[in-house]
2 protein chains.
Amino acid sequence: MRPREFDHDEVLRIAFDQFWRNGVRGTSLSDIARDAGVQRGSLYNAFGSKEALFLQAYERYAGDYLLALQRALGTGSLRKRLTAFFDLTITNFRAGTPPRGCPTTRGLMELGAAEGEGLDEEARQAFAGLISRITALVQDNLAAGAARGEFDGNAAAAALHIITVTRGLAVLERAFGDEPQLRKIAAHTIDLVLGRKGGSA
Amino acid sequence: MRPREFDHDEVLRIAFDQFWRNGVRGTSLSDIARDAGVQRGSLYNAFGSKEALFLQAYERYAGDYLLALQRALGTGSLRKRLTAFFDLTITNFRAGTPPRGCPTTRGLMELGAAEGEGLDEEARQAFAGLISRITALVQDNLAAGAARGEFDGNAAAAALHIITVTRGLAVLERAFGDEPQLRKIAAHTIDLVLGRKGGSA
DNA sequence: GCATGTTCTTGACACGATGTCAAATACCTT
DNA sequence: AAGGTATTTGACATCGTGTCAAGAACATGC
């Protein structure tokens with residue numbers, strides 16, 4: 001066995017950064033190869049194809065992101081936790097720097113739309129999987145926090161509504177880039193779920 | 001002047017259908033040219049570039065779509081109007097047939113993410129423009145209908161919330177394709193805005 | 001009716017990107 | 001030290017975008 005001459009994980013990070021910045025379409029394997037100091041052929045050997053590379057890079061990000069969300073939802077009052085949660089879905093890690101759009105949402109919408117076409121379907125499941133896990137996370141928090149508000153008692157419906165709003169925010173960010181506006185919508189949604197003064201649990 | 005040998009508008013329709021089915025990335029000008037019975041070069045001559053063609057095809061669709069929404073919001077009680085509105089954003093014209101994702105949302109998320117890069121920026125404005133117009137439409141309806149519910153009095157905030165949810169639904173459709181679930185979320189959102197029994201206006 | 005000009009069409013071309021392959025290479029194992 | 005195995009490397013095929021010049025078709029003016 002000849003050992004690899006590059007760091008598998010570092011290439012994934014570099015690749016994901018490129019994909020995130022310029023889109024899957026706008027990123028060529030030559031770009032990534034140059035940035036990573038690796039031959040293009042080696043990327044094909046190690047990852048299979050451009051889409052496969054993107055998927056692996058995405059899964060790496062998804063793991064980190066889910067972890068960050070879990071931590072955001074880990075402490076403080078329910079209202080504080082949800083606020084931190086929305087914050088993270090709005091900033092997507094990179095507070096301050098110009099917005100790049102939610103990778104999950106972008107990935108989902110970039111799919112070919114063809115009827116169950118091989119790798120596209122695999123990608124869809126990856127994106128949908130993260131969303132499912134996040135939904136479950138929020139639902140658990142709401143149930144444990146005994147949220148009142150408009151969805152009184154129905155943590156599942158409340159969580160689904162919250163997730164729907166976060167996905168919508170990801171889209172509106174791309175359309176208008178107006179972060180303060182997004183935060184307003186988020187705050188209002190929290191009010192709906194918790195009741196205007198609830199969430200001390 | 002030599003006259004064109006093809007129907008400008010029909011080509012736009014064919015192109016949009018292709019783009020919608022297979023994504024911008026998954027559609028080549030050769031595909032469109034074949035389907036439309038036109039030489040590829042003629043497309044470049046008439047529309048400029050692939051992205052320009054997509055944009056023109058999209059604007060054509062956007063006009064039709066906005067009109068349909070206006071009609072949906074034109075009759076019946078406020079609750080009926082909003083129900084019809086959500087229905088149209090969920091089905092996107094093609095009731096029955098397998099979902100293809102909201103063209104506006106897909107287009108928005110497919111953008112390059114680069115900092116204001118020429119045509120991408122123009123595209124963003126096209127997508128954002130439709131969303132703005134739809135938001136205004138909903139807001140007018142809510143204001144005229146004197147919606148109560150959670151957003152009592154604040155038609156702007158209510159409209160923004162509704163739009164956010166519709167964008168979120170477009171994303172969830174791609175993730176799960178579960179139309180009944182989407183309708184539930186929509187119904188719940190209407191309840192939030194109108195109050196559980198309001199909307200007879 | 002015919003020449004002229006303007007636009008559309010057509011085919012060839014350049015370029016870049018994806019993906020494949022075989023030969024060369026470097027290391028691990030025995 | 002030798003052999004095997006996986007990686008690297010460069011060449012190649014293919015496809016898609018976009019450009020260009022030459023040819024073709026029609027409207028207009030004489």
Side-chain angles (χ1 to χ4, degrees), chain A residues 1-12 14-58 107 110-114 117-123, chain B residues 1-12 14-58 107 110-114 117-123:
Chain A
M1 285 243 307
R2 175 176 177 176
R4 234 167 229 152
E5 295 181 2
F6 59 88
D7 183 329
H8 192 270
D9 218 57
E10 190 193 336
V11 168
L12 283 184
I14 293 174
F16 183 77
D17 193 62
Q18 290 271 340
F19 284 133
W20 201 8
R21 266 188 223 279
N22 308 333
V24 174
R25 187 180 180 197
T27 303
S28 77
L29 285 201
S30 306
D31 295 336
I32 295 171
R34 185 176 14 77
D35 269 39
V38 171
Q39 285 291 106
R40 206 169 52 88
S42 296
L43 294 180
Y44 278 99
N45 176 60
F47 301 102
S49 72
K50 179 179 172 178
E51 246 179 314
L53 168 57
F54 167 70
L55 220 62
Q56 293 175 56
Y58 171 77
E110 278 180 23
L111 291 179
E117 185 208 309
L119 207 126
D120 257 19
E121 175 58 20
E122 192 185 332
Chain B
M1 282 244 306
R2 175 176 176 176
R4 228 164 236 155
E5 294 181 3
F6 59 89
D7 183 329
H8 192 271
D9 219 56
E10 190 194 336
V11 168
L12 283 184
I14 292 174
F16 183 76
D17 191 63
Q18 290 271 341
F19 284 134
W20 201 6
R21 265 187 224 280
N22 307 332
V24 175
R25 186 182 179 198
T27 304
S28 78
L29 284 201
S30 306
D31 295 336
I32 296 171
R34 184 177 13 79
D35 268 41
V38 172
Q39 285 291 106
R40 205 168 53 88
S42 296
L43 295 180
Y44 279 98
N45 176 58
F47 302 102
S49 71
K50 179 178 172 178
E51 246 178 316
L53 169 56
F54 167 70
L55 220 62
Q56 292 175 56
Y58 171 76
E110 277 180 24
L111 292 178
E117 184 208 307
L119 208 126
D120 256 18
E121 176 58 19
E122 191 183 335

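Protein chains get the first letters and strands the later ones, always in sequence-line order, with residue 1 at the start of each.
Here the shortest heavy-atom pairing between A:Ala33 and A:Gln39 reads CB-C, 4.2 Å. Taking all atoms of both residues into account, the shortest heavy-atom contact from B:Asp9 to B:Asp7 is N-OD1, 2.9 Å. Closest approach of A:Ile32 to A:Leu43, counting heavy atoms only: CG2-CD1, 4.0 Å.
In summary, the side chains of B:Ser28 and B:Asp31 do present a donor paired with an acceptor at a separation below 3.5 Å, with no hydrogens or angles considered.
One atom, NZ of A:Lys50, and another, P of C:dT20, lie 14 Å apart when rounded to the nearest Å. Between the P atom of C:dT9 and the CZ atom of B:Phe47 lies a distance of 10 Å, rounded to the nearest Å. As rounded to whole Å, 16 Å separates atom P of D:dT9 from atom CG of A:Leu29.
At C:dC8, one or more side-chain N or O atoms of B:Arg4 fall inside 4.0 Å of OP1 or OP2 (strictly under the cut-off).
Nucleic acid contact for B:Ser42: base, since at least one base atom lies under 4.0 Å from a heavy atom of the residue. Backbone-only engagement by A:Phe6 is indicated by non-hydrogen atom pairs under 4.0 Å involving sugar-phosphate atoms exclusively.
For B:Ser28, taking side-chain heavy atoms from C-beta onward, the closest of the listed nucleotides D:dG16, D:dT8, D:dT9 is D:dG16.
The 5' end of DNA chain D is approached more closely, in terms of each residue's nearest nucleotide, by A:Val38 than by the other of B:Tyr44 and A:Val38. Place B:Met1 and B:Arg40 on DNA chain C by their nearest nucleotides, and B:Met1 ends up nearer the 5' end. Mapping B:Pro3 and A:Arg2 onto DNA chain D via the closest heavy atom, the residue that lands nearer the 5' end is A:Arg2.
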